[in-house]
Amino acid sequence: MHESKTVLGVELGSTRIKATAIDGNHAPVSSGDYTWASSYENGIWTYHLDEVWTGLKAALSGIENREMISAMGVSAMMHGYLAFDENWHLLTPFRTWQNTITAQAAAKLTDLFGFNIPQRWSVAHLYQAILNGEPHVSRIAHITTLAGYVHYMLTGVNAVGVGEASGMFPIDSENLCYNKQMLEKFNGLVADQALPWTLEALLPGVLLAGDDAGTLTENGAAMLDGLLAPGIPFAPAEGDAGTGMTATNAVALRTGNVSAGTSIFSMVVLERPLKRIHEEIDLVTTPTGLPVAMVHCNNCTNDTNAWANVLAETAELFGTKPAPGDLYTKLYEKSLEGDPDCGGVLVCNYLAGEGVTHMDAGRPLVIRRPDSRFTLANFFRAQLYSTMATLKTGMDILAEEGVAVDSLTGHGGLFKTPLVGQKYLAAACAAPVTCMENAGEGGPYGMALLAAYRVWKSEGETLEDYLSSRVFAGTAGSTVQPDGETAAGFAAYMARYKALLEVERTAVEVL
């Protein structure tokens, strides 16, 4: 029906800025990317905003037939803190989701709202800046996320999708807006500061999937050096959680997905509210505003990537240079030969702090008892278990709450090697895990689907129906069921892992 047209999804992820174009059948037709990394400067994990534009232009250069784009959308890593003055000048370096520097603020706001406020959320960063007496606070006119910033610069529309907004401040899922009672409580909390703003004036507007979110302006096109023509309609900007749910058809009740790359997080669409507050569980929304339980862990594949690089260097000593894709495939598949409990080998993969386990910093560890079976298979299996061990801690809390999960869909780099990551995740979460053919590039593809929904949906067609009937009907994929032996092995590993975290705490204190 839209054979000659394409739609474009862009995602500014933790390690790459990616662009994916899809055709009228929702199949990817071209892509581009740019590699970048956060830097640790003056105690803050940050990215420089000038590299945003360098990276976007590089990623867009890989998109073919750009003149045929009929809609687009911007996604990015969620949470964090971008504060601007009235002229949109950045007041303090971008504070990313990796930072664990807002514990005081997050705890106070959680108590005030009766609603869990994680350290990553924008409102926690804002209140911590107030508590710290930071001079930029009185000059703030706008706070937003990375996706919100890029969307504004390209369209002039200061608004984000509801899923992205739900990582800034709690959402009222009935009225599909920021929670008014909590806004009032926040303003009351800081009333003695005599600030020249109220919180609602600082936050971006809230839009739903399918809403009109503006078009590419002349100024926006100029920022992209003319790679795209002005006038392209935009979908609401969404975070990587919302695009992950969309890319995996996990926006309906009792469905869930796991995104696993630099960080790892699960999203489970809830049938009912949780019984009580859990610091380990974020409550966010789908791109249409349904409540979602999110288990977000800062650490996933970074330590595994570091070890893979060391093993590649080892291979080079013998005159061979394995391609990265081949190296990972061989190591993942080798892990299947390991013992179900990794033979007593333990890995803590924390490069950064971890909110779920209440760790403010990280020190990667490999530990084993003298009687452990230290083989390559067991070592790498322990590496892969460690990527999802913290996630399992949060998923176990949801299970204790009686949250039903009929299916999980995996996407991201951890699932690029077929079946291996699925097998371990199914054992960890006691649920079948499906990976679709687009599992390795969920984010920009999900954003492209939201852009397609923006311009190609029928009158009254819900996002859930659009994805199920038009996009994913008959989609090829693989599903792995939990198996008893791996589940028992993972449980044994987790019992030791909980003890390992005490060693990790000591390592953080003394190293």
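Within the 4.5 Å cutoff, the side chain of Asn298 has no heavy atoms near those of the Gln98 side chain. At least one side-chain heavy atom of Phe113 sits less than 4.5 Å from a side-chain heavy atom of Lys185. Counting heavy atoms from C-beta on, the side chains of Asn249 and Val471 never come closer than 4.5 Å. With a 4.5 Å cut-off on side-chain heavy atoms, Arg454 and Asp212 count as touching. Gln193 places a side-chain heavy atom less than 4.5 Å from the side chain of Ile130. Contact annotation: the side chain of Asp172 never approaches that of Lys180 to less than 4.5 Å [non-hydrogen atoms, C-beta and beyond]. Put simply, the side chain of Met245 reaches to within 4.5 Å of the side chain of Val292, judged on heavy atoms.
The backbone N or O of Tyr332 sits nowhere less than 3.5 Å from a side-chain atom of Thr417 that would complete a donor-acceptor pair. Judged by distance alone, with hydrogens and angles left aside, the side-chain atoms of Asp303 form no donor-acceptor pair with the main-chain N or O of Pro364 at under 3.5 Å. With Asn309 contributing its side chain and Ala306 its backbone, the two residues share no donor-acceptor pair below 3.5 Å. The backbone N or O of Val157 sits less than 3.5 Å from a side-chain atom of Thr155, completing a donor-acceptor pair. At least one donor-acceptor pair closer than 3.5 Å links the side chain of Arg363 to the backbone N or O of Leu511. For Asn116 (side chain) and His278 (main-chain N/O), a donor-acceptor pair under 3.5 Å exists by modelled atom type. Glu280 contributes no side-chain N or O that, together with a main-chain N or O of Val295, makes up a donor-acceptor pair within less than 3.5 Å. Put simply, the side chain of Trp97 never gets that close to the backbone of Ser263: no donor and acceptor are under 3.5 Å apart. Although no hydrogens or angles enter the test, the distance criterion places no donor-acceptor pair under 3.5 Å between the side chain of Asp360 and the main chain of Gly353. Checked by atom type and distance alone, the side chain of Asp85 never pairs as donor or acceptor with a backbone atom of Arg139 at under 3.5 Å.
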Kindly indicate, with the supporting measurements, whether the criterion side chain to side chain contact (heavy atoms under 4.5 Å, CB included) is fulfilled by Val74 and Leu12.
CA-CA 8 Å; Val74 176; Leu12 294 96; 4.0 Å; yes

Side chain to side chain contact (heavy atoms under 4.5 Å, CB included) evaluation trace for Leu391 with Cys297
CA-CA 6 Å; Leu391 181 81; Cys297 311; 4.1 Å; yes

Take Asp33 and Lys18 through the salt bridge (Lys or Arg N to Asp or Glu O under 4.0 Å) test and state the conclusion after the steps.
CA-CA 4 Å; Asp33 71 339; Lys18 298 161 278 190; over 6 Å; no

Check against side chain to side chain donor-acceptor pair (under 3.5 Å), Glu134 and Thr92:
CA-CA 10 Å; Glu134 297 185 38; Thr92 189; 4.7 Å; no

For a side chain to side chain contact (heavy atoms under 4.5 Å, CB included) check, start with the C-alpha distance between Ser122 and Phe169, then their side-chain angles and the critical distance, and finish with the verdict.
CA-CA 7 Å; Ser122 306; Phe169 192 85; over 6 Å; no

Would you sort out whether Asn299 and Thr390 count as a side chain to side chain contact (heavy atoms under 4.5 Å, CB included), showing the intermediate values?
CA-CA 9 Å; Asn299 300 278; Thr390 306; over 6 Å; no

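Ser386 and Tyr350 share no donor-acceptor pair across their side chains, judged by distance under 3.5 Å alone. Counted by atom type alone, Glu279 and Thr110 present zero donor-acceptor pairs between their side chains at under 3.5 Å. A donor-acceptor pair shorter than 3.5 Å can be found between the side chains of Tyr34 and Glu51. Thr100 and Gln119 share no side-chain donor-acceptor pair at under 3.5 Å. Looking at Thr145 and Glu164, their side chains do bring a donor and an acceptor atom within 3.5 Å of each other.
Residues Phe84 and Tyr149 place their aromatic rings such that the two centres sit under 6.0 Å apart. A distance of 6.0 Å or more separates the ring centres of Phe380 and Trp307. Two rings, from His151 and Phe234, have their centers less than 6.0 Å apart. For Tyr81 and Phe94, the ring centers are positioned 6.0 Å apart or more.
Remark: Arg66 pairs with no residue by the salt bridge (charged side-chain N to carboxylate O under 4.0 Å, His left out) rule, at least two apart or across chains. Listed by chain and residue number, Glu502 satisfy the salt bridge (charged side-chain N to carboxylate O under 4.0 Å, His left out) test with Arg505 (two or more places apart in sequence, or in another chain).
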Result block: side-chain N/O donor-acceptor pairs under 3.5 angstrom for residues 281-288, not counting sequence neighbours:
unit_1 : atom_1 : unit_2 : atom_2 : d
Asp282 : OD2    : Arg120 : NH2    : 2.1
Thr286 : OG1    : Thr288 : N      : 3.2
Thr286 : OG1    : Thr288 : OG1    : 3.0
Thr286 : OG1    : Gly289 : N      : 3.2
Thr286 : OG1    : Leu290 : N      : 3.1

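Aromatic ring pairs are classed by plane angle as parallel below 30°, tilted from 30° to 60° and perpendicular above 60°; the pair His79 and Trp121 is parallel. His296 and Phe265 have parallel rings, their planes meeting at less than 30° on a 0 to 90° scale where 60° marks the start of perpendicular. Aromatic ring pairs are classed by plane angle as parallel below 30°, tilted from 30° to 60° and perpendicular above 60°; the pair Tyr47 and Trp36 is tilted.
Taking a 6.0 Å sphere around CD of Glu218, one finds it holds 12 or fewer heavy atoms contributed by other residues, nucleotides or ligands. The number of heavy atoms from other shown groups lying within 6.0 Å of CD (Glu67) is above 12. Heavy-atom contacts from other residues, nucleotides or ligands closer than 6.0 Å to NZ of Lys108 number 12 or fewer.
Taken from NZ in Lys392 to OG1 in Thr387, the straight-line distance is 13.5 Å, to the nearest 0.5 Å. To the nearest 0.5 Å, atom CG of residue Asn179 and atom CD of residue Glu184 are 9.0 Å apart. Atom-to-atom distance recorded for Leu216:CG and Met72:CE is 6.5 Å, nearest 0.5 angstrom. Atom NE2 of residue His142 and atom CG of residue Leu90 lie 12.5 Å apart, to the nearest 0.5 angstrom. To the nearest 0.5 Å, atom CG of residue Leu202 and atom CD1 of residue Ile140 are 6.0 Å apart.
Remark: of the listed residues Ile232, Leu228, Leu224, Leu224 is the sole one forming a side-chain contact (heavy atoms from CB on, under 4.5 Å) with Leu154.
For the pair Met267 and Ala241, the tightest heavy-atom approach, listed with the atom from each and the gap, is CE-CB, 3.6 Å.
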